[in-house]
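Here is the structure we will look at, set down as structure tokens.
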Amino acid sequence: MTMPKRMVAVSWSMLLCLAAAAAVLKARAQLDSIGFISIDCGLPGTANSVDDATKLSYAPDAAFTDAGSNHNISVEYITPTLAKRYLNVRSFPDGARSCYMLRSLVPGLKYTLRAEFKYGNYDGLNRPPVFDLYAGVNFWSRVNASSQKVVVLEAIVVVPEDYVHVCLVNTGSGTPFISALELRPLKSSLYPQVNATQGLVLLSRRNFGPTDDADIVRYPDDPHDRVWLPFVNTARWEAISTSNKVRNLDDSEFAAPSKVMQTAITPRNASGRIEFFWLSEPQPGDPTPGYIVILHFSELQLLAGNAVRQQHLVLNDDLRFWSDYTPPYLLSDTIYSMKPLPRFSRYNFSINATANSTMPPIINAGEIFFVFSTANVGTDYSDVSAITAIKAKYRVKKNWARDPCVTNNLTWDGLTCSYANSNPSRITRINMSFSGLDGDISSSFANLKAIQYLDLSYNNLTGSIPDALSQLPSLLVLDLTNNQLSGSIPPSLLKRIQDGSLNIRYGNNPNLCTNAASCKPAKGRNKLAVYVAVPVVLVVVIVSALVFPFLRRKKQGSTSTNITMRPQIETMMSYAPATLPPGDAHTQSSLHLENRKFTYKELEMITNNFQRVLGRGGFGEVYNGFLEDGTQVAIKLRSQFSNQGVKEFLIEAQILTRIHHKNLVSMIGYCKDGQYMALVYEYMSEGTLQEQIAGNGRNGKLLTWKQRLRIAVDSAQGLEYLHKGCNPPLIHRDVKSTNILLNAKLEAKIADFGLSKAFNRDNEAHVSTNALVGTPGYVDPEYQTTLQPTTKNDVYSFGVVLLELVTGRQAILCDPEPTSIIQWVRRRLARGNIEAVVDKRMRGEYDVNSVWKVADIALKCTVQASTQRPTMIDVVAQLQECLELEEGHRIGDGTRGSFYSGSSNSDLNLGYNAHAADSQSTDVSQTNTPFEMEHNFGKVPRMDRGPVAR
Ligand SMILES: *[C@@H]1O[C@H](CO)[C@@H](O)[C@H](O)[C@H]1NC(C)=O
Ligand SMILES: *[C@@H]1O[C@H](CO)[C@@H](O)[C@H](O)[C@H]1NC(C)=O
Ligand SMILES: *[C@@H]1O[C@H](CO)[C@@H](O)[C@H](O)[C@H]1NC(C)=O
Ligand SMILES: *[C@@H]1O[C@H](CO)[C@@H](O)[C@H](O)[C@H]1NC(C)=O
Ligand SMILES: *[C@@H]1O[C@H](CO)[C@@H](O)[C@H](O)[C@H]1NC(C)=O
């Protein structure tokens, strides 16, 4: 036999605690000032009804449920004493399961739930229904309504969330209805039998001793508003009572109110016993419920002398529930079972005096419950929140006020859930097609993390498609057909279409743009549109002022010329093509290219969480990525740990937004998202020119001379465009073989514009103040001394690149001392020995004239005096001649490596000779250059590889 427990309790602090709890709860919605929820179900209007007995105020139920309809009970059932809350009911003829949602609760706290049913023939059918009552998703009780009586069902449960549903389930035996619903908070220490997985359903709560049937004790005498019904049988029991307060101990587990404990019964016959019984009531799903008995005792009489009251508590004659028990004087004490009693069909309780007792037995109050499981967990909380928000947004009037999932045949219409043992149910499918939804797509859909199938077709949904939907990991089908959606399909979703993880249907949305390239940004609130509009005119002014301070500012006086404008990151990042250089077909064709603004999240997706690093640099790393249409891209992400490079990033973003040329690496978009900054470039699969020259390229093959020539022409054209195609001219300032990138066709493109500067002949003072920048081995010595950047600096650096192409060596050689490649080549060519400089790995497979000519161009580019260097226009023209020479060259036709004649091109030789003297001084000045540069430049760490591939 399960051992019952006993306790002695006095509660000084009970009321205080409760008052405090009530104060906390007061701020919350739905709860009244003492933390109660009292609902008069079926009460029309907005005014509360106040109970005459308790003075508690009962709210109309419209705010707690969205189903059912109001009815008044028939007049013949109205008596003068009938509490107001029973005069009307809410009935639920539609839907299998109808619920009230009680909110603003404290998750994990114990609550008393009380539902009251007074049929009163409200429907004129005279057929009291039978239906089921649920606490959340857990079966609580079967309701056997009665015309005459008020059926009261009470449960004590732990509420796991900050809300609880109370649901009426139609079992096919009449329409569920309800008269009143009450919720009362309990201290967690009360009713220790109740925990998260086990609740108590009240069978009976009796107060022994009152002589009046109407003497019900509840709030405020019981601060927890338990309802203590009087047990009156004056023929059998003698009532005893006291006017003294009966105290509870502070740690009382039941806190029986003094008013209840102040009365008790004792048998009229001194040798008699107190007896009571109840019959086991099989419950649906539990034919033998486990009963919990809780008996409250207190001695109310001050016993004289040797008088002793000692009693046995006996269950079904032979089970001693408790022996030799003496109730304490004016102290509330309780004997109770912690675990359910053994299962019987009838429970006979008797309390008799022990042999030593001089007084008859007494009892003050008793409660009998049966346990019920509350182990079923409701739907995942975030799912409930999301679907509740969705329901509110679209004003769904379906019968949706309850746990969305519960059991399969009682889920919300249009909802499908997954059920896993002991895990919360998850919403897996939503079908809200043909539901008359309007407005935009609720962002709450993106919180349904387990959803696989979302059908919103055939509604009037407007606005754009939230790209957050792409974050739903399980989403397989998204049906948006036949709506009024606009904007474009977010790239993140396109990517999921692309990788086959999501099937999106979006037909019959007349305003939806499905072709990214031609998508206009959606109007107004469309914050999610990805393709950023480019406000051309206005921002040009701003950008001009920032990047080209010498340009006149529109409608501003000359007084503003000295104002240093601090670049506003956002402005700079979202500006647009500025004045475009005239007459370049390429420029024209890419004029309408829009730069896309990426969010960091999108970048995460595009790069598959920055999985593959293509290169590293001072700014951070370059990552491989794939756009939603499968385009491979390189993403230069500025390291958030680096303070360096913000300016360079911005400059590069500006330049690449503004200028477009087939020989300049193109920027697809940028990201400026919080502290994250990134640039997204076209993917250049063959990496840097330096890698290719070194033979470390993708395919491991060495570049042929013809390929080198083409690369030279390409990159020269890129620089030419910067110098001549742009107005004002742009100086790259960091031309080097690692900043020339190659695509799959080995087409070369200039990259990395982070150090680039606009050049203005009219006002050079503006650019003269800049710190020396560049890369050792490539920096123009003249610029080094003057610190005045000119386009000729790029010409010089490009000359170094040409020498790298010819020789297959790096800009600074170890020969055996660190030596500039210029010095190295000049020395050898001075002896007329081209073979000594040409990359041996080409095995002579080149037109020696074209090689000689390129070497000559390179040396012209790298003469000391910048005025004597050719322009990039000249360089392009001459390189193209070389290419033509080479294309006339046939390997194995006898010209191979032997055709060189110093006189074959007198200009070239003249050129070379003319600069021979220069070369000497250049050599001298450059001897120690590498080291000086290393130490003196204070160069910002730079990306060595630029936006490279693989
Ligand atoms: C609740 O109490 C029952 C009965 O004592 C027990 O079996 C169950 O494990 C308890 N649940 C929790 C969550 O403590
Ligand atoms: C009280 O009940 C128990 C159990 O039925 C019994 O053994 C005992 O004799 C009774 N005592 C008296 C005084 O009747
Ligand atoms: C009953 O009284 C006798 C004699 O006074 C005593 O020995 C015994 O312990 C008492 N029994 C109980 C249970 O108090
Ligand atoms: C729900 O389905 C179960 C089994 O499929 C069935 O026993 C139960 O009666 C159904 N409930 C309702 C309300 O239809
Ligand atoms: C959309 O709205 C229009 C007018 O407001 C209405 O006629 C039409 O039936 C609605 N369509 C759907 C699918 O609800």
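This one's a predicted model, so the numbers in the text were calculated from it and none came from an experiment. Ligands are counted one by one from 1 in listed order, and the atoms in each one are counted from 1 as well.
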**Request:** List the closest protein heavy-atom neighbour of atom 14 (O) of ligand 1: residue, atom name, distance to the nearest 0.1 Å.
**Result:**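 Going by distance alone, atom 14 (O) of ligand 1 is nearest to N195 ND2, 3.3 Å.
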**Request:** Please confirm whether the backbone N or O of T416 pairs with a side-chain atom of T428, one donor and one acceptor, at under 3.5 Å?
**Result:**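 At least one qualifying donor-acceptor pair exists.
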Could you tell me whether the side chains of [X] and [Y] share a donor-acceptor contact shorter than 3.5 Å?
X    : Y    : answer
E367 : Y191 : yes
Q193 : Y336 : no
T263 : N207 : yes

**Item:** Enumerated ligand 1 atoms positioned under 4.0 Å from heavy atoms of T197
**Value:**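 So the atoms of ligand 1 that pass are 1 (C), 8 (C), 10 (C), 11 (N), 12 (C), 13 (C).
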**Item:** Atom indices of ligand 1, in the order listed, that fall short of 4.0 Å to a heavy atom of Q198
**Value:**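 Counting from 1, the qualifying ligand atoms are 3 (C), 4 (C).
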**Message:** For atom 2 (O) of ligand 1, is there a protein heavy atom at a distance under 4.0 Å?
**Reply:**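 It does; a protein heavy atom is within 4.0 Å.
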**Asked** Less than 4.0 Å between atom 11 (N) of ligand 1 and some protein heavy atom, yes or no?
**Response**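 True for atom 11 (N) of ligand 1.
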**Request:** Return yes or no for this condition: an N or O of K339 is under 3.5 Å from an N or O of ligand 1.
**Result:**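 Such a contact does not occur with ligand 1.
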**Asked** Ion pair present between E182 and R184, side-chain N to carboxylate O less than 4.0 angstrom?
**Response**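 Counted as a salt bridge, because a side-chain N and a carboxylate O are separated by less than 4.0 Å.
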